[in-house]
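Inspection log for the structure reproduced underneath, given as structure tokens.
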Amino acid sequence: MKTCLGIELGSTRIKAVTIDSDFLPVSSGDYTWASRYENGVWTYPLEEVWTGLKAALSKTEGLENIAAMGISAMMHGYLAFDKDWNLLTPFRTWQNTMTGPAAAELGALFGFNIPQRWSVAHLYQAVLSGEEHVSQIAHITTLAGYVHYMLTGVNAVGVGEASGMFPIDSAALDYDAGMLSKFNALPKITALPWKLEELLPKVLTAGEPAGTLTESGAARLEGLLAPGIPFAPAEGDAGTGMTATNAVAPRTGNVSAGTSIFSMVVLEKPLKKVYEEIDLVTTPAGAPVAMVHCNNCTNDTNAWVGVLGEAARLFGANPSAGELYTKLYEKSLDGEADCGGVLVCNYLAGEGVTYMDAGRPLVARTPESRFTLANFFKAQLYATMATLKIGMDILRAEGVTIDSLTGHGGLFKTPVVGQSYLAAACDAPVTCLETAGEGGPYGMALLAAYMLRKAEGERLEDFLSRRVFAGAAGTTVQPSAALTEGFHIYIRRYKALLEVERAAVEYL
């Protein structure tokens, strides 16, 4: 049986998923890793990319039958190489909030929001800071683009991934030419021996061939995959999330919730103004998308689950991680709709939407708060999506219509709970498909299948709706009036808590 393989290098796991001719998951493997904070930079060693990739593939069955594949990874960040593809400075991930001056200057220059985590912000900040490596740069790319190049020899990324590096012209399906010209005309750039378009990877759209696994690429994987496998364009986790949830058509949206949380809403028309809280990116086919990206989601919750598990073990209980998460998530349903006055700020890292350069996780309550396990854990889960709600409320005020919102990622593995809270936060119905737990690597496998099997002229949204997700099993949760009102009260208090968070960042 021929299958398609999707690989995603996420923030906490490197995962491989294969799908069959019915687009259903067949086998998967993964490898757990974590970013490191070294010399003021959130990073991953590139050596671990290959260790983890081989580990994930070695756990995946049927690798001798791969008909097509693709690479996805966490978007944005900065990987700078010289002409021989030697890394010039450690990988700077999306978690970093060190590019404020560059992002602000470029946003004003372009009249277009440039978030701090975008590749061009990292590049220009390195220029502004006078970093020595800048004059030696021959290539900048993303993590997905790097892995794709090392396996195929093709220096290209999908348009969705490219849209997190530099603004995209959705009509031309390429980097915005006017903004490139403005960037190259900056005084500090004209003094350098390169133009930006010479550094960036080529842009490809979903369905285009993007090379094949080379002999050297197969050797890098120690023979786990055979040379000659066709590759789809490398995509970011945002694009694969949209694909995995059938959310690439206008008025559809999805929320990916794991280490970070972000929403993607495909737009019918441009937003009326520029918002620093809203990124404008694209689908893997190049359609414009409003993205609310929040750096912090489940990390603080994961830490608390670990502490509560330790407490259980003091009494001789030894619940598995899955049991702990399920019981605690379900217990939160017993909490009051406004969490009884208990508040949580889950910021471990900085947060662009709320203008925080660093994070200090907080639990706060007044003497009148009802501090129960149910209220505490409901506040934990509300906190995972509170910052997202701030951005989504901006889109609502803009009149952006969302017909369907699909959730995927670890936050939704326990049935109903995360869905119910997200529906309340966004005041919209939330659907989770049975494949939601597979997330991005499943979406990447679908993009590989689209490249291989699309009919002449078949659009990505039609391929997904008519062939992949027609009759797909899933559950939809409508927003509860009580939870929606409770979340409204919580978010009002949460915004006040952010002032406490600012003081904590300054003084702790």
Side-chain angles (χ1 to χ4, degrees), residues 2-10 14-19 46-54 56-58 60 63-75 77 79-87 91 119 138-162 164-165 173-174 198-237 239-240 243 284 440-441 443-454:
K2 287 293 185 180
T3 59
C4 290
L5 170 65
I7 293 169
E8 186 153 285
L9 295 96
I14 298 173
K15 189 171 183 182
V17 170
T18 59
I19 60 172
L46 292 192
E47 297 80 10
E48 194 174 6
V49 167
W50 303 106
T51 301
L53 191 51
K54 287 182 286 187
L57 287 171
S58 68
T60 308
L63 295 182
E64 67 280 3
N65 296 315
I66 305 300
M69 64 180 291
I71 303 293
S72 176
M74 58 190 105
M75 286 179 71
L79 280 162
F81 298 90
D82 66 15
K83 61 182 177 59
D84 298 316
W85 287 87
N86 297 306
L87 187 66
F91 174 32
S119 305
H139 311 284
I140 62 169
T141 191
T142 61
L143 183 56
Y146 161 72
V147 175
H148 182 92
Y149 174 77
M150 298 305 289
L151 294 179
T152 68
V154 175
N155 183 20
V157 296
V159 64
E161 176 77 332
M165 299 187 73
L173 297 175
D174 205 347
E198 297 168 355
L199 309 186
L200 293 166
K202 182 181 178 181
V203 178
L204 299 174
T205 54
E208 290 190 80
T212 60
L213 182 62
T214 61
E215 294 281 353
S216 62
R220 185 176 286 274
L221 298 176
E222 297 182 353
L224 286 165
L225 295 171
I229 298 172
F231 273 63
E235 265 299 345
D237 49 4
T240 55
T243 304
M444 191 65 243
L446 290 177
L447 288 171
Y450 174 61
M451 178 194 70
L452 201 64
R453 298 178 55 186
K454 68 172 182 170

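Counting from 1, the numbers follow the sequence of the chain as shown. All values derive from a computational prediction rather than experimental measurement.
You'll find the side chain of Tyr149 stays beyond 4.5 Å of the side chain of His139, heavy atoms only. With a 4.5 Å cut-off on side-chain heavy atoms, Thr240 and Leu446 do not count as touching. Looking at Cys4 and Arg453, their side chains never come closer than 4.5 Å, going by heavy atoms from C-beta outward. Using a 4.5 Å heavy-atom threshold, the side chains of Phe81 and Asn155 count as separate. With contacts defined as side-chain heavy-atom distances shorter than 4.5 Å, the pair Ile140/Leu200 qualifies. Residues Leu57 and Ile7 have side chains in contact (heavy-atom distance under 4.5 Å, counting atoms from C-beta outward). Taking the side chain as every heavy atom from C-beta outward, Leu173 and Val203 never approach each other to under 4.5 Å. Using a 4.5 Å heavy-atom threshold, the side chains of Leu5 and Val17 count as separate.
For the atom pair OG1 (Thr214) and CG (Leu151), the distance works out to 7.0 Å, reported to the nearest 0.5 Å. If you take NZ on Lys202 and OG1 on Thr141, they are separated by 14.5 Å, rounding to the nearest 0.5 Å. With rounding to the nearest 0.5 angstrom, the CG atom of Leu224 is 11.0 Å from the CD1 atom of Ile66. The distance from the CG atom of Leu143 to the CD1 atom of Ile71 is 9.5 Å, given to the nearest 0.5 Å. Once rounded to the nearest 0.5 Å, the distance linking CG of Leu204 with CD of Glu235 reads 10.0 Å.
Distance alone, capped at 3.5 Å, places no donor-acceptor pair between the Glu161 side chain and the Gly158 backbone. The closest donor-acceptor contact from the side chain of Ser119 to the backbone of Gly77 lies under 3.5 Å.
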Task: Working for side chain to side chain contact (heavy atoms under 4.5 Å, CB included), residues Tyr146 and Leu46 - done: CA-CA 10 Å; Tyr146 161 72; Leu46 292 192; 3.9 Å; yes
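The salt bridge (Lys or Arg N to Asp or Glu O under 4.0 Å) search around Glu48 returns Arg36, not counting sequence neighbours.
Taking the six-membered ring where the residue is Trp, Phe231 and His148 present perpendicular rings, their angle passing 60° and hence far from 30°.
Counting only residues at least two apart or in different chains, side-chain hydrogen bond (donor to acceptor under 3.5 Å, both in side chains) contacts with residues 220-233 comprise Lys54-Glu222.
Taking every heavy atom of both residues into account, Pro230 and Thr212 meet most closely at CA-CG2, 3.9 Å. Of all non-hydrogen atoms in Met444 and Ser72, the two that sit nearest each other are SD-CB, 3.9 Å. Listed here is the closest heavy atom pair of Pro441 and Glu8: CD-CB, 3.7 Å. In terms of heavy atoms, Leu447 sits closest to Ala206 at CD2-CB, 4.1 Å. The two residues Pro201 and Ala156 make their nearest non-hydrogen contact at CB-CA, 4.0 Å. Across every non-hydrogen atom of Gly145 and Ala234, the tightest pair is N-CB, 4.5 Å.
Around the NZ atom of Lys2, the shell of radius 6.0 Å holds more than 12 heavy atoms that belong to other residues, nucleotides or ligands.
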